[in-house]
Amino acid sequence: MALLYEKRGRIACITIDRPRALNSLDPQTFKELSDALIDFRDDHDTWVAILTGSGNRAFCVGADIKDMLPMLNDIRNEWWRMPPTILRGLELWKPIIAAVNGHALGGGMELALACDLRIAAEHATFGAPEVTLGIIPGWGGTQRLPRAVPFAKAAEMIFFGQRIDAQEAYRIGLVNKVVPQEQLMPTVEEWAQKLCEMPPLAVRAAKEAMIRGTGMNLDDGLMLESRLMDVVVASEDHKEARDAWLEKRKPTLKGK
Ligand code: CO8
């Protein structure tokens, strides 16, 4: 097992656990990551996930260069052979927070980009070194990085394979917050807990509208928004949240 997967109340915590290889992803770890994400997606009782890496050197330094990169030739034109994850192939509308506890490089930065919120420890670094290996970011980096930060900044990071530190990542909007290392997990857990107090169907619908809408023209995006609003407006949680607001009390949410 190279991945730890545990649930605490409504929060699922996924930890890539290969610290000696800086939490790089080999085929086995990639499969375990896929299994954990699918379980999280399908579990009615878990509402938020935290994704992190073991130790304090790395969040994830991407594909295992020895064991994973050679697969690139085998899967050419057949990317569907890779287990589905949030990088590619798995639709998951529950919110995910990346706790970036060190290097987030290559596929590791792409993994953080596929999360919705990113909180970094002060010593974290971010980078896309793929071009220096003669390839391009292949787990969504060419698509998600320019959507997350200004195009010129994404181009600089991808063309030169240059690394940036956590403060620079914050400055360009790549991460939500930078905290001292010892504050990382408490801060991420606090954000996760706060998210669990939000009506989950509304959070999921908002995420779906934002992500699907990014690839649409405005008219189609507005249509999608109305369709998702029709769904949440009929939910029990919406009625409960509205009643709770009127009665000045906390809502009791069910995810229904
Ligand atoms: N894969 C495998 N092992 C790694 C990796 C990696 N990506 N990165 C580091 N390691 C291993 C090292 O080999 C070393 O192991 P050992 O002690 O047995 O020699 C150990 O981790 C520690 O690494 P270093 O000694 O290099 O530690 P430093 O602190 O000196 O440097 C760095 C840390 C800067 C993170 C450095 O290790 C580094 O640059 N690593 C490479 C990072 C990289 O290039 N990542 C991109 C990989 S390509 C990718 O992610 C493409 C995604 C899409 C692919 C789709 C595939 C199907």
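All residue numbers in this chain count up from 1 along the given sequence. Read the numbers this way: they start at 1 and go in the same order the structure lists the ligands and their atoms.
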Within the 4.5 Å heavy-atom criterion, are [X] and [Y] side-chain neighbours or not?
| X | Y | answer |
| --- | --- | --- |
| T46 | K94 | yes |
| N176 | W191 | yes |
| R10 | D45 | yes |
| L25 | L111 | yes |

[atom]: nearest protein contact (heavy atom, Å):
| atom | answer |
| --- | --- |
| atom 30 (O) of ligand 1 | R57 NH2, 4.7 Å |
| atom 13 (O) of ligand 1 | K66 NZ, 3.7 Å |
| atom 53 (C) of ligand 1 | W139 CD2, 3.6 Å |
| atom 41 (C) of ligand 1 | I65 CD1, 4.0 Å |
| atom 9 (C) of ligand 1 | L22 CD1, 3.8 Å |

For ligand 1 and [X], I'd like to know whether there is a polar contact (N/O to N/O, distance under 3.5 Å).
| X | result |
| --- | --- |
| G62 | no |
| V61 | yes |
| H103 | no |
| L133 | no |

### Task
Take I164 and M157 through the side-chain contact (heavy atoms from CB on, under 4.5 Å) test and state the conclusion after the steps.
CA-CA 8 Å; I164 60 171; M157 289 177 74; 3.8 Å; yes
### Task
Would you mind telling me if ligand 1 is within reach of the side chain of R20, the backbone, both or neither, using heavy atoms under 4.0 Å?
backbone
### Task
Would you mind telling me if ligand 1 is within reach of the side chain of R163, the backbone, both or neither, using heavy atoms under 4.0 Å?
side chain
Closer than 4.0 Å to some heavy atom of [X] - which atoms of ligand 1 meet that?
| X | answer |
| --- | --- |
| E110 | 52 (C) |
| L105 | 35 (C) |
| P129 | 43 (C), 44 (O), 45 (N), 46 (C) |

[atom] protein-contacted, heavy-atom criterion under 4.0 angstrom:
| atom | result |
| --- | --- |
| atom 44 (O) of ligand 1 | yes |
| atom 16 (P) of ligand 1 | no |
| atom 36 (C) of ligand 1 | no |
| atom 39 (O) of ligand 1 | no |
| atom 48 (S) of ligand 1 | yes |
| atom 28 (P) of ligand 1 | yes |
| atom 23 (O) of ligand 1 | yes |

Per-pair distances, 0.1 Å, donor-acceptor, side chain in residues 50-61, under 3.5 Å, sequence neighbours excluded:
residue, atom, partner, partner atom, Å
T52, OG1, A99, O, 2.9
T52, OG1, N101, OD1, 3.3
S54, OG, D17, OD1, 2.6

### Message
Regarding atom 6 (C) of ligand 1: of the candidates G161, A63, A58, which has the closest heavy atom?
### Response
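Residue with the shortest heavy-atom distance to the ligand atom: A63.
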#### Entry: Selection from G107, C60, A21 by shortest heavy-atom distance to atom 50 (O) of ligand 1
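Looking at heavy atoms only, the winner is G107.
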### Query
Hey, are D43 and K7 close enough for a salt bridge, meaning a charged N less than 4.0 Å from a carboxylate O?
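Result for this pair is yes, salt bridge flagged.
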### Message
If the threshold is 4.0 Å, N to carboxylate O, is there a salt bridge linking K256 and E240?
### Response
no
For [X] versus [Y], what's the shortest heavy-atom pair and its separation?
| X | Y | answer |
| --- | --- | --- |
| L145 | M109 | CD2-CE, 3.9 Å |
| V175 | A166 | CG2-O, 4.2 Å |
| D237 | P200 | OD2-CD, 3.6 Å |

### Message
Against ligand 1, does M71 come closer than 4.0 Å with any heavy atom?
### Response
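Distance cut 4.0 Å: M71 fails for ligand 1.
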### Task
Not counting sequence neighbours, which residues clear side-chain hydrogen bond (donor to acceptor under 3.5 Å, both in side chains) with R242? List them please.
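None.
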### Message
Run E168 and K153 through salt bridge (charged side-chain N to carboxylate O under 4.0 Å, His left out) and show every step you take.
### Response
CA-CA 11 Å; E168 175 69 351; K153 213 57 219 176; 3.2 Å; yes
### Message
Return the CZ to CG distance between R204 and L228, rounded to the nearest 0.5 Å.
### Response
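Nearest 0.5 Å value for the CZ-CG distance: 13.0 Å.
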